[in-house]
Amino acid sequence: MTSVPTVLDDLLPTPRSLPRAGRLTVTLISLALLAVGVTTAAANWHLTDLKAYLAAADLLAAGGNPFDLALVERGVTYYYHYSPWFAGLFVPFTGLPPELIRVGWSVILIAASGLAIVPLVRMHGAAGLPLVALIAFLLLNLVAEGNVQPLLLAALVWSLERRAGPVAIGMAASLKITPILLALVYVGRGEWARALLSAAVAGLLVLPTLLFELTPNATETGGTGLFTSAPILWALLVLTALASTMWLARSRFGWLAASTATVLALPRLLIFDFTVLITAFPARRTERALPGPSDY
């Protein structure tokens, strides 16, 4: 099997290229970061997002509007922002003991976080340790909130270069919207069927939203990020990222460009949103020759 160059081969030095003291320093900092992530996650294991999912499922099961939800937790009001199908997944479990649901969902998200990181570890070993530690830090804190993001990332990382890739992109886009931009890699490669399937899956899963009245709070962005503070700059950055994705789609940097565009396009940007960048390292790399600008 031919070895396929990956993004980190060009962006990060190999461990052997660093002095011994430098390697030790990088390792210790990475482990410290991971330890901080574990500690902060354990101290803030509130699973607030899970509570919002379950509350929306209760409303849906009762024939109500899941977007009417206003869940107050730790002095902060949370709303359900996703497509109704996701709340529907939790309906069968609303009658179970709350602690059982909490433990089960936590285990699922922890396992998904591990799966999302495995390809990066397997590809680059110690060279990817700083990035692995940073992503693990962010993912663990997402798990502590009970957010579905680690599960979506695991599905994307393990399927982007497989047949299920368009389905994973469509499902992620139906919940987080901007992951649909990952399909631009398919467009840039001329894989039109995969790109159209991504859009079709997203559209079908979002369609049930039309059955409900969207409350203003359910669609608010939170007022953070360039979208609200500097919309012109935001638009320029997003357009540049989209053009870069199309240009680099056939190169080893295609998924990195697409994942960057996915992050930049978010109207509300939080530090945990940067975990999407892990989709730059799918579990299965394309092995056929894909000439692109980075290969010239």
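Reckoned from all heavy atoms, side chains included, excluding hydrogens, waters and symmetry mates. These numbers were taken from a predicted model, which means no experiment stands behind them.
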Ignoring hydrogens, what is the shortest heavy-atom contact between Thr279 and Leu160? Give both atom names and the distance.
O-CD1, 3.7 Å
Quick one: do Leu115 and Val157 satisfy side chain to side chain contact (heavy atoms under 4.5 Å, CB included)? Show the steps, please.
CA-CA 9 Å; Leu115 282 173; Val157 165; over 6 Å; no
Let me see the working for Leu151 and Val148 under side chain to side chain contact (heavy atoms under 4.5 Å, CB included), right down to the final yes or no.
CA-CA 6 Å; Leu151 197 57; Val148 70; 4.2 Å; yes
Closest heavy-atom pair, Leu277 versus Ser259, reported as atoms and distance to 0.1 Å, is CD2-OG, 3.7 Å
Does Leu100, at its CG atom, have more than 12 non-hydrogen atoms belonging to other residues, nucleotides or ligands within less than 6.0 Å?
yes
Start with the C-alpha gap between Glu191 and Val185, add the side-chain angles, then the distance that decides, and say whether side chain to side chain contact (heavy atoms under 4.5 Å, CB included) holds.
CA-CA 8 Å; Glu191 297 174 350; Val185 173; over 6 Å; no
Where Trp255 and Pro282 come nearest, the two heavy atoms and their spacing
CD1-CG, 3.7 Å
Ignoring hydrogens and geometry, is there a side-chain-to-backbone donor-acceptor pair from Ser83 to Leu175 under 3.5 Å?
no
Backbone of Arg250 reached by a side-chain donor or acceptor of Arg189 within 3.5 Å
no
Working note: Leu59 + Tyr80, criterion side chain to side chain contact (heavy atoms under 4.5 Å, CB included); need CA distance, chi angles, decisive distance, verdict.
CA-CA 11 Å; Leu59 286 172; Tyr80 182 76; over 6 Å; no
Just how far is it from atom CG of Leu181 to atom CG of Leu266, taken to the nearest 0.5 Å?
9.0 Å
Heavy-atom nearest pair, Val143 first then Pro150, reads CG2-CG, 4.0 Å
Could you tell me the separation between the CG atom of Asp58 and the OG1 atom of Thr94, rounded to the nearest 0.5 Å?
5.0 Å
If Ile, Leu, Val, Met, Phe, Trp and Tyr residues are connected whenever their side-chain heavy atoms lie under 4.5 Å apart, and connections chain through other members, are Leu109 and Phe93 in the same group?
yes
Is the side chain of Asn65 donor-acceptor paired with the backbone N or O of Glu213 at a distance under 3.5 Å, no angle test?
yes
Is the backbone of Leu264 close enough, under 3.5 Å, to the side chain of Trp234 for a donor and an acceptor to pair up by distance?
yes
Taking all non-hydrogen atoms of both residues into account, name the closest pair between Gly64 and Pro66 and its distance.
O-CD, 3.6 Å
Is it possible for you to say whether Met171 and Ile177 belong to one hydrophobic cluster, with membership spreading through side-chain heavy-atom contacts below 4.5 Å?
no
Backbone N or O of Leu270 within a donor-acceptor pair of the Asp273 side chain at under 3.5 Å?
yes
Measure the spacing between CZ of Phe90 and CG of Leu50 and express it to the nearest 0.5 Å.
6.0 Å
d(Asn147 CG, Leu142 CG) to nearest 0.5 Å is 5.5 Å
CG of Asp49 to CH2 of Trp105: how many Å apart, nearest 0.5 Å?
10.0 Å
Are Leu54 and Leu89 connected, step by step, through hydrophobic side chains (Ile, Leu, Val, Met, Phe, Trp, Tyr) whose heavy atoms are closer than 4.5 Å?
yes
Which donor-acceptor pairs under 3.5 Å do side chains of residues 196-209 form with protein atoms, sequence neighbours excluded?
{"from": "Ser198", "atom 1": "OG", "to": "Arg194", "atom 2": "O", "distance (Å)": "2.9"}
{"from": "Thr209", "atom 1": "OG1", "to": "Val206", "atom 2": "O", "distance (Å)": "2.8"}

Which heavy atom of Ser106 sits nearest a heavy atom of Leu47, and at what distance?
OG-CD1, 3.6 Å
Crowding at CD1, Ile232 (>12 non-hydrogen neighbours, <6.0 Å)
no
Hydrophobic clustering (ILVMFWY, side-chain heavy atoms < 4.5 Å, transitive) - are Val107 and Leu139 grouped together?
no
Taken to the nearest 0.5 Å, the spacing of Asp68 CG from Leu60 CG works out to 11.5 Å
Same cluster or not: are Leu210 and Phe67 linked, directly or through other Ile, Leu, Val, Met, Phe, Trp or Tyr residues, by side-chain heavy atoms under 4.5 angstrom apart?
no
With a 6.0 Å cut-off on ring centres, are Trp158 and Phe281 close enough?
no
Could you label the plane-to-plane angle of the Tyr53 and Phe86 rings as parallel, tilted or perpendicular, counting under 30° as parallel and over 60° as perpendicular?
perpendicular
Taking the side chain as every heavy atom from C-beta outward, state whether Ile169 and Tyr186 have any atom pair closer than 4.5 Å.
yes
